[in-house]
2 protein chains.
Amino acid sequence: MLIKPAMNLEQVSPKKVSDFIFDRLEEAIILKEFMSDEQLPSERDLATIFNASRITVREALARLESLGLVEKRVGAKGGTFVLPITRNSHLRNRDEMRRNWDSMIEVFEYRMVVEPGAAYLAAQRIKKAELQQLRDYVTASIEPDCSREAFRSIDVRIHLSVAKASGNAYFDHAVRQIRTKINPALDLMPYSDRVKVNNYEAHRDLIAALEAGDADRSRDIMYRHIEHSAEAIRARVFADESFED
Amino acid sequence: MLIKPAMNLEQVSPKKVSDFIFDRLEEAIILKEFMSDEQLPSERDLATIFNASRITVREALARLESLGLVEKRVGAKGGTFVLPITRNSHLRNRDEMRRNWDSMIEVFEYRMVVEPGAAYLAAQRIKKAELQQLRDYVTASIEPDCSREAFRSIDVRIHLSVAKASGNAYFDHAVRQIRTKINPALDLMPYSDRVKVNNYEAHRDLIAALEAGDADRSRDIMYRHIEHSAEAIRARVFADESFED
DNA sequence: ATATAAGGTATAGACCTTAAACCATTTAAT
DNA sequence: ATTAAATGGTTTAAGGTCTATACCTTATAT
C-alpha cells in the first residue's frame, strides 16, 4: 500500500525584483568581485544592467547599506562604495557560525562532494586559456605584495574557475552557492606565510593535474584541499583567542 | 594584476507568488506525488496551504491546465484532476530531449556525483524507521499488481528518501531538483519484468548496504545504479521505434 | 427540489515596479 | 568664484500583482 507523503506546505512570498538585485550584489561582495572601497556602478547603471528601475535598485542598495556592506556618498565622485570588513563584523560572523555550526557542517559535506566532482570533470575539459588564467591567479596569489583581501579574492576566483571549467552549469551554480556560504568563514582565517604557501601548493598541484587531464588526481587533490580547509575553519571558529592577523 | 570578471548582468524579473505555487505543483505532479486522475486539493484549500489568495492559486492552476497537466471540473465532485501522460506528450518529451540532449548530460553528470554522495552520508545516519519505509517501498515495487505509474512513483520516493536520510538539506534539495529534470525521461522507459527486477535488485542491495552502515558500498551501488539508468535513458531516447510498452 | 462542494467572477484597497522628471550635493574645470 | 558634470535623493502618475470578501454557476447526492 502506497502512503502519500504529506503535501509539502510552504509559505510562499513573492520574490521582488529588488530581492534578486540585493542577492546578486551581496553575493558579488561576499565573493569579492568588488573589494573594499571599490565603487559599485551608479544607480542608473545598475538599473540598466539589471533592466530594472532606479527606485528598485535603490531599495536593494538600501538593504546592503543597512547591513553595513556598503556606504553611499553624494556628489560628483560620489556613489556606492564597498565597506571593509570590520573587527566587529568578524566577531559577529564567528559567533553566528558557532551558534549555527550544524549548518556549516552541511555546507562542508556538500562541498566535499561537489567541488571534487567539478574538478574531475574539469580535468577532462579545461581549455588552454582557462589553464593560463588559473596559472596567472596562482602566481599572483604567491606574490609578496598580494594583500590579504586580494589573496582571498584570488582564492575564490580559482575555485569558481575550476567549477566553470567543468563545463556543467549545475556544478558552476552549486560551487557559487557553496562559496557564498563559506566565504565569510574563510575571511576569518589568518593570513600567514604558512597559509599562503599551503594554498599555493594545493592550487599548483591541482593545476598540474588538470593540465595533465588526470581526472582522478584532480578530484583527490581538490578533496584533500577542501578537507584541510574545513578543518582549519573549524579550528579557527572555535579558537579561544581573538583575531589579530 | 587582477582582472575583474565582468559584472554578471542578468535580466531579473519578479518571481510572483503564482510562479512559486505553479512550480511546486508542477514538481509534485512530475514527481508523482499526485498520480493520474487524482484530485488536487480544492482551490480554497490550496490557498490556505500556500497562504495565498484564491485568485493567485487559480493563476497557477490555469498554467498547469494550459500545459495539459491537469483538468478542471465544476460542480459537486468537481475539482482539479491530474491528467495521465498521453502518447503525444511522451513523443514531445522524447523529441525535446533529443534536441536538448546536452542539458540532459549535464543533469546526469551532476546526478552521478550528488546521489552517490547522498547515499554515502545516509549510510552513516539513516534511522530504523526510514529503513523500514524504504523496505516497504521496495517490497511494493516488486508486487505483481504494482502498476507502471505506481512503480515510477515508488522509484522516485526511494531516491528522495535516501537523499532525505542523508540528513543534509543541500543533498535533499539537489536530488529533488535533479529528479524533477530527469523524471519525464524515466517515464519513457519500458515497464518490463526485466526492468522491474533490475530496479528491485539495485534498491534491495542499496538498502542492505545502508542497513549495514557501509557508506562506501552504498555510494558505489548508487553510482552503478544511476550509471545504468542514464545509459538506459540514452538508448531509449535515441531508439528508432516508438513506444508501445 | 434542495443542500453541498466545488469552480467562476467581480470589486476595492494595499503594495511593487516603471518611467520620467526634478532637486541637492560635491568635485573639477574654467 | 562660476559653472558643468556626475552622483545620490525625491516626487508623481500609471499599471501590474496580491489579498480579502462576497457572490454566481454548475453538477451531484439526497
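Just so we're on the same page: letters track the sequence lines, and every chain starts at 1. A quick note: this is a predicted structure, and the numbers were derived from the prediction, not measured.
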Let me confirm one number: the [atom1]-[atom2] distance from [X] to [Y], rounded to the nearest 0.5 Å.
X: A:Ile233; Y: A:Met97; atom1: CD1; atom2: CE; answer: 7.5 Å
X: B:Phe171; Y: B:Ile178; atom1: CZ; atom2: CD1; answer: 10.0 Å
X: B:Lys164; Y: B:Arg176; atom1: NZ; atom2: CZ; answer: 7.5 Å

Quick one: label B:Asn51 by what it contacts on the DNA or RNA (base, sugar-phosphate, nothing), any heavy atom closer than 4.0 Å.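 Result for B:Asn51 = sugar-phosphate.
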When you compare the protein's N or O atoms with those of nucleotides 12-16 of chain C, which come within less than 3.5 Å of each other, and at what distance?
unit_1: C:dC16; atom_1: OP1; unit_2: A:Lys16; atom_2: NZ; d: 3.4

Heavy-atom check, side chain of A:Phe20 versus side chain of B:Lys15, under 4.5 Å: yes
Which whole-number value in Å describes the distance from B:Leu40 CG to C:dA6 P?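 For the pair B:Leu40 CG and C:dA6 P, the rounded distance is 12 Å.
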Rounded to whole Å, please give me the gap between CZ in A:Arg58 and C1' in C:dA19. 15 Å
Any chance you could lay out the salt bridge (Lys or Arg N to Asp or Glu O under 4.0 Å) test for A:Arg152 and A:Asp155, step after step, and finish with the verdict? CA-CA 5 Å; A:Arg152 297 252 41 89; A:Asp155 189 31; 2.7 Å; yes
Does anyone know the first and last nucleotide of DNA chain D in reach of chain B, 5' to 3', at under 4.0 angstrom to a heavy atom? D:dT17 to D:dT28
Do the side-chain N and O atoms of A:Thr139 and A:Arg135 include a donor-acceptor pair separated by under 3.5 angstrom?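 A:Thr139 vs A:Arg135: no donor-acceptor pair found between side chains.
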Any donor-acceptor pair under 3.5 Å linking the side-chain atoms of A:Glu149 with those of A:Ser36?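 Yes, A:Glu149 and A:Ser36 have a side-chain donor paired with an acceptor closer than 3.5 Å.
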Do other residues, nucleotides or ligands put more than 12 heavy atoms under 6.0 Å from B:Lys196 NZ?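 It does: B:Lys196 NZ has more than 12 such atoms within range.
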Please tell me which of A:Ser42 and A:Val12 maps to the more 5' nucleotide of DNA chain D, matching each residue to the nucleotide holding its nearest heavy atom.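 By nearest-heavy-atom nucleotide position, the 5'-most residue is A:Ser42.
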Can you classify the ring geometry of A:Tyr191 versus A:Phe151 as parallel (below 30°), tilted (30 to 60°) or perpendicular (above 60°)? tilted
With a 4.0 Å heavy-atom cut-off, tell me which residues in residues 66-79 of chain A come close to DNA chain D, sorted by residue number.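 Contacts with DNA chain D under 4.0 Å: A:Lys72, A:Arg73, A:Val74, A:Gly75, A:Ala76, A:Gly78, A:Gly79.
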Is it the case that the side chain of B:Ser89 and the backbone of B:Ile85 share a donor-acceptor pair, with hydrogens and angles ignored and the cut-off at 3.5 Å?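 Checked: no pair found.
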